[in-house]
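Taking it in order: structure first as structure tokens, then the write-up.
A quick note: this is a predicted structure, and the numbers were derived from the prediction, not measured. All values below were derived from every heavy atom in this structure, side-chain atoms included, with hydrogens, water molecules and symmetry-related copies excluded.
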Amino acid sequence: MQASCHNNMSGKASTLKPLRPSNLIRSSVEALEVAIDQYSEGTPKRNRDCVENCDKAVELILKAKVIRAGESVYYPGSTNTIKMHESFAKLRKKGIIIPEENTLTNNHKFSRNPSYHEGRTVSKATTKSILDTTRKFIERFLKDEFNLKLKELIKP
């Protein structure tokens, strides 16, 4: 992780400890790691599982940002947490625009949901596309929104 440098009152630079990633960020990165492993296995079941974990990685990092933006991830009076589209909506209300929103929403709607709810298979090409999109999003979002680097959080 990257340390921040700030000038103190004497004008000398001081190094601050880097922020620790939240549990949601760590869980998001772990879901991405699992998705990468599942993709490499290449079976139809693992393709489906890869898409599921990509979806999970996106949902978790969005929730981390919702919390950082000062909003709750719980439905009022419930222990159930909001879903991906509700996270996007809460972030938009805070002025946080996510360029990948349509692509990530379509991945969820047209690949993840049919594979889990209807038993459809996900092709290797679609799985790779979703994994690539998810990895690029997580990498950019960590850097831009949390000042973290994916390569420093993910296992080699």
Side-chain angles (χ1 to χ4, degrees), residues 1-3 18-76 78-94 96-156:
M1 284 182 265
Q2 180 176 323
L19 291 175
R20 276 183 35 147
S22 71
N23 288 337
L24 284 172
I25 291 172
R26 281 196 300 274
S27 293
S28 173
V29 171
E30 287 171 9
L32 178 60
E33 288 177 300
V34 169
I36 292 167
D37 291 343
Q38 290 165 329
Y39 174 77
S40 67
E41 291 182 33
T43 66
K45 181 181 183 313
R46 288 307 188 193
N47 287 345
R48 184 191 73 188
D49 294 342
C50 174
V51 168
E52 170 75 8
N53 276 296
C54 286
D55 201 61
K56 181 192 236 181
V58 170
E59 188 171 300
L60 291 169
I61 201 163
L62 290 173
K63 287 178 182 178
K65 185 60 182 178
V66 166
I67 291 169
R68 174 148 308 166
E71 295 288 324
S72 175
V73 294
Y74 294 97
Y75 291 110
S78 174
T79 58
N80 295 326
T81 59
I82 60 175
K83 304 294 183 219
M84 183 188 297
H85 67 277
E86 294 156 322
S87 293
F88 280 125
K90 282 189 175 216
L91 293 172
R92 270 194 312 277
K93 284 182 183 175
K94 291 286 191 172
I96 300 165
I97 304 302
I98 299 170
E100 304 91 342
E101 179 177 354
N102 286 339
T103 302
L104 296 169
T105 300
N106 285 337
N107 287 348
H108 177 80
K109 188 175 180 180
F110 298 115
S111 296
R112 187 268 181 202
N113 281 350
S115 71
Y116 266 81
H117 300 297
E118 300 168 20
R120 293 188 202 167
T121 59
V122 184
S123 72
K124 187 77 169 171
T126 298
T127 304
K128 182 177 183 343
S129 174
I130 290 170
L131 180 59
D132 289 345
T133 299
T134 302
R135 184 195 52 77
K136 288 174 186 171
F137 167 69
I138 298 286
E139 186 171 41
R140 181 198 68 74
F141 204 68
L142 280 171
K143 182 175 138 287
D144 293 353
E145 301 297 333
F146 298 98
N147 197 29
L148 295 168
K149 293 182 181 179
L150 179 61
K151 68 182 178 182
E152 294 176 359
L153 299 176
I154 203 163
K155 296 173 190 169

For Asn47, what residues pass the side chain to side chain donor-acceptor pair (under 3.5 Å) criterion, not counting sequence neighbours?
none
Any side-chain heavy atom of Thr103 sitting closer than 4.5 Å to one from Phe137?
no
Which residues share a side-chain contact (heavy atoms from CB on, under 4.5 Å) with Thr134, sequence neighbours left out
Leu32, Cys54, Ala57, Val58, Ile130, Ile138
Keeping Ser28 on the side-chain end and Leu24 on the backbone end, is there a donor-acceptor pair under 3.5 Å?
no
Sequence neighbours left out, what pairs pass salt bridge (charged side-chain N to carboxylate O under 4.0 Å, His left out) with at least one residue falling in residues 102-114?
Glu52-Arg112, Asp55-Arg112
Excluding sequence neighbours, so at least two apart, what forms side-chain contact (heavy atoms from CB on, under 4.5 Å) with Val73?
Lys63, Val66, Ile67, Thr81, Ile82
Please lay out, stage by stage, how Asn107 and Val51 fare under the test side-chain contact (heavy atoms from CB on, under 4.5 Å).
CA-CA 8 Å; Asn107 287 348; Val51 168; over 6 Å; no
Distance, nearest 0.5 Å, that separates OG1 of Thr105 from NE2 of His85
9.5 Å
Just to verify, what does Arg140 make a salt bridge (Lys or Arg N to Asp or Glu O under 4.0 Å) with, not counting sequence neighbours?
Glu100, Asp144
Taken in chain and number order and not counting sequence neighbours, the residues that satisfy side-chain contact (heavy atoms from CB on, under 4.5 Å) with Ser78 are Tyr75, Asn80
Note, Leu60 side chain near Lys56 side chain (heavy atom, < 4.5 Å)
yes
To the closest 0.5 Å, what do you measure between CG (Leu62) and NZ (Lys90)?
12.5 Å
Set of residues satisfying salt bridge (Lys or Arg N to Asp or Glu O under 4.0 Å) with respect to Lys65, sequence neighbours excluded:
Glu145
In chain order, what residues pass the salt bridge (Lys or Arg N to Asp or Glu O under 4.0 Å) check against Asp132, with sequence neighbours excluded?
Lys128
Assess the residue pair Lys143 and Glu139 against the criterion (salt bridge (Lys or Arg N to Asp or Glu O under 4.0 Å)); give the C-alpha distance rounded to whole Å, side-chain angles, the decisive distance to 0.1 Å, and a yes or no.
CA-CA 6 Å; Lys143 182 175 138 287; Glu139 186 171 41; over 6 Å; no
What's the spacing between Leu148 CG and Leu153 CG if we round to 0.5 Å?
5.5 Å
According to side-chain contact (heavy atoms from CB on, under 4.5 Å), who are the partners of Lys45, at least two apart in sequence or on a separate chain?
Thr43, Arg48, Asp49
Residues in side chain to side chain donor-acceptor pair (under 3.5 Å) contact with Thr126, at least two apart in sequence or another chain:
Ser123
Taking only residues two or more places apart in sequence, or in another chain, which ones meet Lys94 in a salt bridge (Lys or Arg N to Asp or Glu O under 4.0 Å)?
Glu71
For a 4.5 angstrom cut-off between non-hydrogen side-chain atoms, does Asn53 reach Tyr39?
no
Check this for me: does any side-chain nitrogen of one of Arg26 and Glu30 sit under 4.0 Å from a carboxylate oxygen of the other?
no
Applying side chain to side chain donor-acceptor pair (under 3.5 Å), can you list everything that pairs with Glu101, at least two apart in sequence or on another chain?
Arg92
Keeping the roles fixed (side chain from Glu41, backbone from Gln38), state whether a donor-acceptor pair exists under 3.5 Å.
no
